[in-house]
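These notes concern the structure reproduced below.
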There are 2 protein chains.
Amino acid sequence: MHPRIVDTLKRNQLSITDSRKKILEMFLQRKGALAHADIEQQSGEEFDRVTIYRTLQTFVEKGIIHTIPSADNSVRYALCKDDCSEGHHHDNHVHFMCDHCGTTYCLDHVTVPAVVLPTGFKVTQVDVVASGTCMKCQ
Amino acid sequence: MHPRIVDTLKRNQLSITDSRKKILEMFLQRKGALAHADIEQQSGEEFDRVTIYRTLQTFVEKGIIHTIPSADNSVRYALCKDDCSEGHHHDNHVHFMCDHCGTTYCLDHVTVPAVVLPTGFKVTQVDVVASGTCMKCQ
DNA sequence: GTTCAAATGCAACAATGTTGCAAAATAATA
DNA sequence: TATTATTTTGCAACATTGTTGCATTTGAAC
């Protein structure tokens with residue numbers, strides 16, 4: 001088991017349960033984003049559907065993971081950077097979704113470019129959703 | 001009725017029906033984005049739910065409207081620019097969702113900034129989803 | 001107006017997400 | 001470690017959202 005799992009749960013004052021450990025491990029192992037369905041399948045119906053929903057919801061609230069915007073209405077989640085998990089502050093993100101294999105990447109190290117909006121708009125968060133072909137599929 | 005409605009439908013080789021006229025008019029009147037639920041409510045249950053789904057799907061396929069990516073898993077649609085409706089080419093877009101009133105704006109005239117991705121990623125489309133407070137709510 | 005093609009409405013279904021509550025697991029305390 | 005209190009889970013039931021097939025209706029072409 002990944003050593004950071006228990007740490008992360010404790011730091012966020014969450015009870016250490018099987019489902020939380022397993023789901024958090026999935027995120028740590030595979031760096032790409034996960035959808036609810038992915039988790040349900042990979043866990044082999046070990047956990048109730050409701051438990052997975054609630055676990056994801058809890059992780060989002062605590063800032064452990066975040067949702068990724070997508071145009072096709074498929075909710076995906078990805079790990080937040082470590083600093084993100086301490087506060088509830090949502091960072092700006094660049095995400096990349098591969099049209100070929102469907103993998104969604106959370107590109108933490110890509111800087112979000114500045115967006116100039118019309119007068120009157122106050123921007124608090126900017127998400128960039130790029131799509132195309134990923135490095136594995138090129 | 002907005003004069004462009006019949007034109008747009010004819011140009012896209014679509015039969016001119018009540019539902020299409022009304023739904024297209026909704027998009028032309030209010031410049032913000034619309035969700036399926038908005039259309040269902042505003043039309044006063046005049047059309048079947050399925051018809052609305054199919055109409056939206058058709059409009060997307062023809063390039064008359066496009067979906068807006070969002071993190072909260074709510075599918076919203078907005079009119080494409082005129083040039084967009086001729087081909088199926090999807091332009092890069094900047095969208096803005098107001099945290100206060102929930103209105104989603106499609107900012108056609110804001111230029112999408114260049115995003116520098118790691119080697120191996122080939123970008124074909126970039127969507128920018130900004131959020132904060134809109135001009136009406138400030 | 002008649003004929004043909006397309007779109008609609010209905011019903012039934014599938015997928016996704018939510019809520020309340022009793023049972024079980026975890027954490028806190030002695 | 002045993003006991004109590006709190007949290008989490010699983011189940012059931014429900015709500016919402018989206019899809020599909022097919023008969024009926026509507027619009028387009030002639």
Side-chain angles (χ1 to χ4, degrees), chain A residues 1 5-27 33-62 64-77 102 104, chain B residues 1 5-27 33-62 64-77 102 104:
Chain A
M1 192 173 72
I5 291 176
V6 175
D7 276 7
T8 304
L9 293 176
K10 278 190 178 167
R11 194 186 333 131
N12 287 285
Q13 296 169 314
L14 295 173
S15 302
I16 297 167
T17 67
D18 288 350
S19 56
R20 284 175 184 165
K21 279 190 287 185
K22 187 132 185 184
I23 293 175
L24 191 46
E25 180 149 47
M26 285 184 196
F27 279 108
L34 291 169
H36 174 95
D38 297 327
I39 295 167
E40 205 171 341
Q41 287 167 16
Q42 283 186 39
S43 65
E45 298 181 2
E46 188 181 347
F47 311 114
D48 194 85
R49 223 160 43 87
V50 179
T51 301
I52 297 175
Y53 278 116
R54 289 199 264 229
T55 303
L56 290 171
Q57 196 175 300
T58 304
F59 284 0
V60 169
E61 281 164 8
K62 293 291 186 178
I64 299 170
I65 60 176
H66 62 271
T67 58
I68 298 181
S70 71
D72 68 337
N73 192 33
S74 61
V75 201
R76 286 164 187 277
Y77 303 87
T104 303
Chain B
M1 193 174 71
I5 289 177
V6 176
D7 276 6
T8 304
L9 292 177
K10 278 191 178 167
R11 195 187 332 133
N12 287 284
Q13 296 170 315
L14 295 173
S15 301
I16 298 167
T17 65
D18 288 350
S19 55
R20 284 175 183 165
K21 279 190 286 184
K22 187 131 185 185
I23 293 175
L24 190 47
E25 179 149 47
M26 285 185 196
F27 279 108
L34 290 170
H36 173 97
D38 296 329
I39 295 167
E40 205 172 342
Q41 287 167 16
Q42 283 187 39
S43 65
E45 298 182 2
E46 186 181 348
F47 311 114
D48 194 83
R49 221 159 45 85
V50 179
T51 302
I52 298 175
Y53 278 118
R54 289 199 264 230
T55 302
L56 290 171
Q57 196 175 300
T58 304
F59 284 0
V60 169
E61 280 164 9
K62 292 291 186 179
I64 300 170
I65 59 175
H66 63 270
T67 58
I68 297 180
S70 70
D72 69 337
N73 192 34
S74 61
V75 201
R76 286 163 187 279
Y77 303 87
T104 302

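Labels below follow one simple rule: chain letters A, B, ... track the order of the sequence lines, proteins then strands, and each chain is numbered from 1.
Atom CG in Leu14(A) sits about 11 Å away from atom C1' in dT8(D), given to the nearest Å. Spacing between atom CZ of Phe47(A) and atom P of dA24(C) amounts to 18 Å, rounded to whole angstrom units. Remark: C1' of dC10(C) and CD of Glu45(B) are 15 Å apart, rounded to the nearest angstrom. Put simply, CD1 on Ile52(B) is 16 Å from P on dT16(D), counting in whole angstrom units. Residue Asn12(B) contributes atom CG, which lies 19 Å from atom P of dG27(D) at whole-angstrom precision. Straight-line distance from the CD atom of Glu61(B) to the C1' atom of dA7(C): 14 Å, rounded to whole Å. One interatomic measurement links the two molecules: CG of Asp48(A) to P of dG20(C), which rounds to 17 Å at whole-angstrom precision.
Using a 4.5 Å heavy-atom cutoff, the side chains of Asn12(B) and Phe59(B) are not in contact. Two residues are said to be in side-chain contact when any heavy atoms from C-beta on lie closer than 4.5 Å; Asp38(A) and Met26(A) fail this criterion.
Counting only distance, with no hydrogens or angles, the side chain of Arg20(A) and the backbone of Ser15(A) share a donor-acceptor pair below 3.5 Å.
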**OP:** Would you mind building the protein contact string for nucleotides 19-24 of chain D? One character per nucleotide, 5' to 3', B for base within reach (heavy atoms under 4.0 Å), S for sugar-phosphate only, - for untouched.
**Re:** BBB---
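The distance from the CG atom of Leu9(A) to the NZ atom of Lys21(A) is 9.0 Å, given to the nearest 0.5 Å. Once rounded to the nearest 0.5 Å, the distance linking CG of Leu34(B) with OH of Tyr77(B) reads 11.0 Å. To the nearest 0.5 angstrom, Gln13(B) atom CD is 5.5 Å from Lys62(B) atom NZ. How far CD1 of Ile23(B) is from CD of Gln42(B): 10.5 Å, rounded to the nearest 0.5 Å.
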Report all side-chain donor-acceptor pairs from residues 44-54 of chain B shorter than 3.5 Å, counting only partners two or more places apart or in another chain.
residue	atom	partner	partner atom	Å
Glu46(B)	OE1	Lys22(B)	NZ	3.1
Asp48(B)	OD2	Val50(B)	N	2.9

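Against DNA chain C, the stretch residues 16-24 of chain B makes heavy-atom approaches under 4.0 Å through Thr17(B), Ser19(B), Arg20(B).
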